[in-house]
Amino acid sequence: SAASDVYKRQPYDPTVNPVPPVGQPPKKKKKTGLIVALILIPILLILIVVGVIVGIGVNLGTKAAKNNAAYWNAHINCDGEALAELCPDSFWDYISDTYDLSEEDAVAAMNQYMQDYSDTLGGDLSYKMEQNGVTAGMGSSAQLDPVREDTDKFGLKVSTGVCIDATCTVTGADDSDSDDYSLWTVKIDGKWCSLSAMDDFDQLCGSDYAASVSYTHLRAHETSQDLV
């Protein structure tokens, strides 16, 4: 036909006629880049979220490990002041209101207890901790329910916590002592603290150790008053 002859004689020129000639279908734009982007974006978001979660977990684990090391080093070195450093400042208000003891009294009682414990094992103490499990929680999560039983009593509010379940063995020159512990590292008023240290002081302040120290301090005060 005449039309087909024209197409044969004159090659298609898109600048003259943007409509492709009969028999030449329009080229489809490739959507490969869009498809790849749609696939990669969710993957990248997932990786970012996983990275943040892993980073938080590593940070909490590091805080807990450092805190627990300080806790056990305080015990084996009979250092009540170092143990007290693992407690929030507001904790001592509870000790004062509940037992009528100052932080100084509580530390003195703890030093006496630690020394007696060290003597029962023959002194020269060291410790070994074997981790059995980890639990972490933030805000109002159920994981922090066991913590709140204590911190509510102390009048403290926990924002974050991580617990290391471990078997701890303290070894001295003559003997050793091993037990299972749940060691909570908690964040209170912006400070990472040891719930185990707070529990230790709470129990000790209601014991004969604290009563003995309190009596000794009272007698010393009375003696100084008599000398005036």
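Note that the numbering runs from 1 along the sequence shown for the chain.
Taken from OG in S118 to CG in D124, the straight-line distance is 8.5 Å, to the nearest 0.5 Å. Rounded to the nearest 0.5 angstrom, D89 CG and L156 CG are separated by 10.5 Å. Note: H75 NE2 to Y113 OH = 7.0 Å, rounded to the nearest 0.5 Å. Atoms CG and OG1, on D177 and T120 in that order, are 7.5 Å from each other to the nearest 0.5 Å.
The shortest heavy-atom contact between G80 and N111 is N-OD1, 2.6 Å. Among all heavy-atom pairs drawn from S182 and C163, the shortest one is CB-SG, 3.8 Å. Closest approach of M198 to C87, counting heavy atoms only: CG-SG, 3.7 Å. Between D79 and M114, the shortest heavy-atom contact is N-SD, 3.4 Å. In terms of heavy atoms, M129 sits closest to C168 at CG-SG, 3.4 Å. Here the closest heavy-atom approach between residue A69 and residue Y127 is recorded as CA-OH, 3.6 Å.
D116 CG: more than 12 foreign heavy atoms inside a 6.0 Å radius. Heavy atoms of other residues, nucleotides or ligands lying less than 6.0 angstrom from NZ of K128 number 12 at most. Few gaps surround CD on Q143; more than 12 heavy atoms of other groups in view lie less than 6.0 Å from it.
When atom types are taken as modelled, the side chain of N67 and the backbone of K63 share no donor-acceptor pair closer than 3.5 angstrom. In terms of modelled atom types and a separation under 3.5 Å, the side chain of T171 and the main chain of S176 share no donor-acceptor contact. Under the 3.5 Å distance criterion, the side-chain polar atoms of S207 are matched with a main-chain donor or acceptor of L204. Between the side chain of S141 and the main chain of G137, no donor-acceptor pair closer than 3.5 Å is present. At distances below 3.5 Å, not a single donor-acceptor pair connects side-chain atoms of T98 with backbone N or O atoms of I95. No donor-acceptor pair closer than 3.5 Å links the side chain of D165 to the backbone N or O of N132.
Side-chain polar atoms of D119 and Q115 form a donor-acceptor pair below 3.5 angstrom. Using a 3.5 Å distance cut-off with no hydrogens or angles, the side chains of D105 and Y99 do not pair a donor with an acceptor.
Contact of the T160 side chain with the W192 side chain is registered, since non-hydrogen atoms from C-beta on lie closer than 4.5 Å. Residues D97 and Y94 fail the side-chain proximity criterion, which asks for heavy atoms closer than 4.5 Å.
Residue T185 is tested with L86, I164, N68, L195 for a side-chain contact (heavy atoms from CB on, under 4.5 Å); the sole match is N68.
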Derivation of the side chain to side chain contact (heavy atoms under 4.5 Å, CB included) call for S194 and L183: CA-CA 8 Å; S194 170; L183 303 166; over 6 Å; no
Verdict with supporting geometry, M110 and L83, side chain to side chain contact (heavy atoms under 4.5 Å, CB included): CA-CA 9 Å; M110 182 60 72; L83 195 68; 3.7 Å; yes
Trace of the side chain to side chain contact (heavy atoms under 4.5 Å, CB included) decision for L101 with W92: CA-CA 9 Å; L101 293 171; W92 303 110; over 6 Å; no
Stepwise side chain to side chain contact (heavy atoms under 4.5 Å, CB included) test for V170 and L121: CA-CA 9 Å; V170 178; L121 299 181; 3.8 Å; yes
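Residues forming a side-chain contact (heavy atoms from CB on, under 4.5 Å) with D189 (at least two apart in sequence, or on another chain): S90. For S96, there are no side-chain contact (heavy atoms from CB on, under 4.5 Å) partners at least two apart in sequence or on another chain.
Under the side chain to side chain donor-acceptor pair (under 3.5 Å) criterion, the residue pairs touching residues 144-155 are D145-R148, K153-D202, with sequence neighbours excluded.
Under the 30°/60° scheme for interplanar angles, the aromatic rings of Y181 and W72 are found to stand perpendicular.
W184 and Y71 have their aromatic ring centers separated by at least 6.0 angstrom.
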